2 protein chains.
Amino acid sequence: MNKCDQCIVRQLSSLKALNKEEIIKLANSKTTYKVKKGEALFEEGEVTNGVFCVKDGVGKLSKLSANGKDQIVKLVKSGELLGQRSMISNEPANLTAKAIADMEVCFIPKTEIINFFNSNNQFSLNMMQSVCEDLKESENEKIALVQKTVKQRLAETLLHLHDEFGEDTDKTLKVQLTREELAGIIGTATESCIRLLSDFNKSNLIELVGKKIKLKDVRALKKLADN
Amino acid sequence: MNKCDQCIVRQLSSLKALNKEEIIKLANSKTTYKVKKGEALFEEGEVTNGVFCVKDGVGKLSKLSANGKDQIVKLVKSGELLGQRSMISNEPANLTAKAIADMEVCFIPKTEIINFFNSNNQFSLNMMQSVCEDLKESENEKIALVQKTVKQRLAETLLHLHDEFGEDTDKTLKVQLTREELAGIIGTATESCIRLLSDFNKSNLIELVGKKIKLKDVRALKKLADN
DNA sequence: AATAGAACATGACAATTATCATCTTAATAA
DNA sequence: TTATTAAGATGATAATTGTCATGTTCTATT
């Protein structure tokens with residue numbers, strides 16, 4: 001059996017609908033490579049012509065503003081796909097994808113995906129559902145941006161990061177984000193983000209272990225977040 | 001030939017991929033009805049179990065916040081579909097859909113849509129592309145919320161409304177939104193929205209004709225919006 | 001036409017958040 | 001190790017935006 005069969009992406013993403021035969025085709029058409037922390041998988045405006053499977057590492061989808069701030073739209077972790085939207089829409093990428101932690105990815109060319117669309121209905125449906133999931137999240141985040149304060153959004157984001165990525169052995173968040181990146185997720189200035197982290201630290205909601213963050217009072221954070 | 005064949009929704013939405021036979025099935029399974037301005041098609045949390053075709057009128061998808069403010073996520077006009085996301089995801093509606101102008105809609109039950117998914121690949125692809133389009137817009141609006149000022153977002157929104165809905169014979173915007181709704185789109189307080197409209201009026205960017213809005217200097221508005 | 005209620009408008013003020021400056025600490029390269 | 005740069009931290013201040021109060025103008029209904 002080839003490697004794709006046991007791959008985490010195959011287990012977690014839309015690709016789980018593919019049968020043995022299709023998986024073999026997939027394995028033959030894919031290309032695997034590594035992306036170092038800070039490097040880009042693709043940049044806004046590029047035509048990607050395929051989909052990226054994230055085997056390992058963490059990526060961010062973001063857009064640079066005129067004033068130089070990077071707004072992070074989504075984090076992508078191992079097991080997920082990247083670049084479906086622009087591939088499906090036949091458009092250049094709307095966002096830039098960069099590695100936040102060293103990544104290992106496979107690239108699947110568009111032609112192959114289209115074949116799967118045509119031959120495997122469940123695959124199409126899975127893909128559609130995954131885009132719908134992204135849409136729902138995006139809408140809810142949009143609403144949160146307007147209806148919640150920066151403090152609430154920070155609390156919410158810390159909880160999300162905890163849920164999605166888990167914690168290290170020292171109980172700190174596993175994803176290593178700079179304060180600037182964290183600010184880019186919640187949509188605020190880096191200084192504001194740092195200030196609030198200090199506040200949270202002082203009021204014992206979190207603990208700052210060097211640059212890492214440990215959630216100390218999840219209940220209080222939750223209460224703060226959805227008020 | 002039955003009515004669906006000539007329907008504007010059939011011409012503009014994903015439904016355009018359906019063949020004659022499918023259109024007949026569609027016509028037999030649909031139910032048509034009217035929704036008056038202010039009334040809801042469905043509310044957040046409801047299970048819709050199908051898709052709405054907007055034959056006429058304008059609708060808004062929105063979410064009510066704790067403090068009573070209504071954040072508008074999307075406007076829907078004739079020719080578009082409504083409720084695909086929660087149908088595809090098998091989830092209750094995430095947003096409330098209300099009529100902003102008297103609407104005429106057809107409801108297509110989920111079972112029928114699923115049949116089309118299975119029998120017609122192009123239909124699936126169209127639907128997927130339309131969700132992708134929504135996702136892209138949502139992401140871009142999310143970014144705009146963070147990276148642009150309220151003034152810029154108002155300018156941007158006025159231009160969008162002009163593009164999407166056009167103008168009446170007196171050159172005012174065709175969509176009739178209250179100031180409160182407009183504020184709900186750009187994500188600000190109603191008073192702030194009103195104040196900025198006054199400012200735009202004073203600086204000759206727009207003209208306030210009663211409650212209606214006439215764009216007077218599109219170029220300046222554009223410059224303001226994407227700075 | 002009179003009245004009530006909604007929508008619009010504007011001022012005064014407060015709260016939130018951004019910006020700029022400066023400093024400390026940590027990471028990286030020579 | 002030391003130098004250099006990046007990341008983190010904090011204060012002071014300004015700008016933006018929200019909130020509350022109040023008044024005006026529509027609009028609909030009797």
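Convention: sequence-line order gives letters A, B, ...; per-chain numbering from 1. When reading the values below, keep in mind they use all heavy atoms of this one structure, side chains included, and skip hydrogens, waters and symmetry mates. Note that the structure is a prediction, hence the values are computed from the model and not measured.
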Listed nucleotide nearest any side-chain atom of B/R195, set C/dA18, C/dA12, C/dA9:
C/dA12
Starting from C1' on C/dA6, measure out to CD on B/E181 and report it in whole angstrom.
13 Å
Flag yes if more than 12 heavy atoms outside B/E167 fall under 6.0 Å of its CD atom; otherwise flag no.
yes
From CD of A/Q176 across to P of C/dA27 the rounded distance in Å is 9 Å
Provide, to the nearest angstrom, the distance between the CD atom belonging to A/Q147 and the C1' atom belonging to C/dT16.
17 Å
Taking for B/E180 and for A/T188 the nucleotide of DNA chain C with the nearest heavy atom, the one nearer the 5' end belongs to B/E180
Rounded distance in Å - CG (A/D199) to C1' (C/dA15):
15 Å
From NZ of A/K148 across to P of C/dT17 the rounded distance in Å is 13 Å
Grab the CG-C1' distance between B/N201 and C/dT10 for me, whole Å please.
14 Å
Distance (rounded to the nearest 0.5 Å) between B/N94 CG and B/E46 CD
13.5 Å
Quick one: on DNA chain D, does A/K211 or B/T149 contact a more 5' nucleotide (nearest heavy atom)?
A/K211
Is any side-chain N or O of A/S192 closer than 4.0 Å to OP1 or OP2 of C/dA18?
yes
Separation of atom CD in B/E191 from atom P in C/dA15, rounded to whole Å
16 Å
Given atom CD1 of B/I213 and atom P of C/dA7, what is their separation to the nearest angstrom?
15 Å
Regarding A/D70 and A/S62, do their side chains bring together a donor and an acceptor under 3.5 Å, going by distance alone?
yes
Categorize B/T178 for me: base, sugar-phosphate, or nothing, with a 4.0 angstrom heavy-atom threshold over every strand shown.
sugar-phosphate
Report the C-alpha distance between A/K69 and B/V146 in whole Å, list the side-chain angles of each, state the deciding distance to 0.1 Å, and finish with yes or no for side chain to side chain contact (heavy atoms under 4.5 Å, CB included).
CA-CA 10 Å; A/K69 275 190 195 166; B/V146 172; over 6 Å; no
Students often get this wrong, so: under 4.0 angstrom with heavy atoms, is B/T190 touching a base, only sugar-phosphate, or nothing?
nothing
On a heavy-atom basis, the closest approach of A/I100 and A/K37 is O-CG, 3.2 Å
Under the 6.0 Å and 45° cation-pi test, does B/K30 pair with B/F107?
no
Distance alone, cut at 3.5 Å: any donor-acceptor contact between the side chains of B/R85 and B/S89?
yes
Taking all atoms of both residues into account, what is the closest heavy-atom pair of A/L182 and A/L158, and its distance?
CD2-CD2, 4.3 Å
For DNA chain C, find the residues of residues 56-75 of chain B with a heavy-atom distance under 4.0 Å and give them by number; none if there aren't any.
none
Identify the 5'-most and 3'-most nucleotides of DNA chain D with at least one atom closer than 4.0 Å to a non-hydrogen atom of chain A.
D/dA7 to D/dA12
State whether a side-chain donor-acceptor pair under 3.5 Å links B/N204 with B/K216.
yes
